[in-house]
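All remarks here apply to the structure that follows.
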There are 2 protein chains.
Amino acid sequence: MNVDLSGMVIPADCCRPLDDDLTSDDTKATAALFKALADPTRVRIVSMLARSSEPACVCELTPALDLSQPTVSHHLKKLVQAGLLEREQRGVWAYYSLDRGALERAASVLDLKKVAV
Amino acid sequence: MNVDLSGMVIPADCCRPLDDDLTSDDTKATAALFKALADPTRVRIVSMLARSSEPACVCELTPALDLSQPTVSHHLKKLVQAGLLEREQRGVWAYYSLDRGALERAASVLDLKKVAV
DNA sequence: CCAAGAGATCGACAACCGTCGATGCCTGCC
DNA sequence: GGCAGGCATCGACGGTTGTCGATCTCTTGG
């Protein structure tokens, strides 16, 4: 260690090793979860489902989102694959609902209180 | 309303309107925040900074991430632009630290207790 | 003022993503 | 069984992203 003119402590050898005990799988899974939420349309879908206590079908979501039906189906599939939504077939209609536990788990990843400081 | 053979309640007119009182700016801003976290490398960076109480410089992060220096700089810039990291120049070194408030705000977006159910 | 070195920026390239129209599948009804 | 309609899948296309090597900038030490 030495001290520079401004009194700031600067390590003599700046590049000390930095550990990274998250596995590659961990980071990829976490990134995949956030990737599902990294689109304005999918944020809107999750927000609408969070606001309504009942599931919603594609024919309700499509006009509200002002997108083509294949595009809405595409986003819904992404959210289901990420584990954030659940799909339920009722007759001809496909109803989607929010998995609130999944959203809580996503929030807990960002909880700094779990990390030793 | 009518009831189908399995006793499941199905609205006669399935497609009731679905409201969406988030503005386009809201959803884009939220998506941008998650987009910053939607990459394994950036998850690793945030995780490493969350684990260490001190800021880290690029020359510490680069070998730990096993990526080229321009790539690491690129990811750091993305995280700063998202408001998740802060940059501080100390001599020749650039130190990055986590904005823990920003991470808390990100987590609060996922908090369902704020949403009327 | 010059040389050294840390880090940012640039340009390029491949991979990925959001969007659409067209089409296929599957369920309920006649 | 055949038709209608809700939804998923396909193929295509433009825009974005992650990565790198090369280069530029800026700070420090001599």
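Keep in mind the model is a prediction, meaning the values are calculated, not measured.
Between the P atom of D:dG29 and the CH2 atom of B:Trp93 lies a distance of 9 Å, rounded to the nearest Å. Rounded to whole angstrom, the span from the CG atom of B:Leu65 across to the P atom of C:dG7 amounts to 13 Å. Straight-line distance from the CG atom of A:Leu76 to the P atom of D:dA8: 7 Å, rounded to whole Å. Nucleotide C:dA6 holds its C1' atom 11 Å from the OH atom of B:Tyr95, rounded to whole Å. In this structure, B:Glu60 places its CD atom 14 Å from C1' of C:dG7, rounding to the nearest Å.
Here A:Lys77 reaches the OP1 or OP2 of D:dT9: one of its side-chain N or O atoms lies under 4.0 Å away. Residue B:Arg90 places no side-chain N or O under 4.0 Å from the OP1 or OP2 atom of D:dT27. Contact check, B:Arg87 against C:dA8: a side-chain N or O comes under 4.0 Å of OP1 or OP2. Look at B:Tyr96 and you won't find any side-chain N or O under 4.0 angstrom from OP1 or OP2 of C:dA6.
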Could you walk me through whether B:Thr62 and B:Leu67 pass the side-chain contact (heavy atoms from CB on, under 4.5 Å) test, one step at a time? CA-CA 6 Å; B:Thr62 302; B:Leu67 287 170; 6.0 Å; no
Determine, step by step, whether B:Thr27 and B:Thr30 satisfy the side chain to side chain donor-acceptor pair (under 3.5 Å) criterion, reporting the C-alpha distance in whole Å, the side-chain angles of both residues, the deciding distance to 0.1 Å, and the verdict. CA-CA 5 Å; B:Thr27 55; B:Thr30 303; over 6 Å; no
Extract from the structure each pairing of a protein N or O with an N or O of nucleotides 16-23 of chain D at less than 3.5 Å, listing the distance.
unit_1, atom_1, unit_2, atom_2, d
D:dG18, OP1, B:Arg42, NH1, 3.3
D:dG18, OP1, B:Arg42, NH2, 2.7
D:dG18, OP2, B:Arg42, NH1, 3.4
D:dG18, OP2, B:Lys78, NZ, 2.9
D:dT19, OP2, B:His75, NE2, 2.3
D:dC20, OP2, B:Ser68, N, 3.1
D:dC20, OP2, B:Ser68, OG, 3.0
D:dC20, OP2, B:Thr71, OG1, 2.8

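As judged by a 4.0 angstrom heavy-atom cut-off over every strand, B:Val92 is placed among the base-contacting residues.
Among residues two or more places apart in sequence or in another chain, the ring-ring contact (aromatic ring centres under 6.0 Å, His included) test is passed with B:Tyr96 by none.
Shortest non-hydrogen contact noted between B:Arg42 and B:Ala36 is NE-O, 2.7 Å.
Both A:Val58 and A:Leu49 belong to a common hydrophobic cluster when Ile, Leu, Val, Met, Phe, Trp and Tyr are linked at side-chain heavy-atom distances under 4.5 angstrom.
Taking 4.5 Å as the limit, every side-chain heavy atom of B:Lys77 sits out of range of all side-chain heavy atoms of B:His75.
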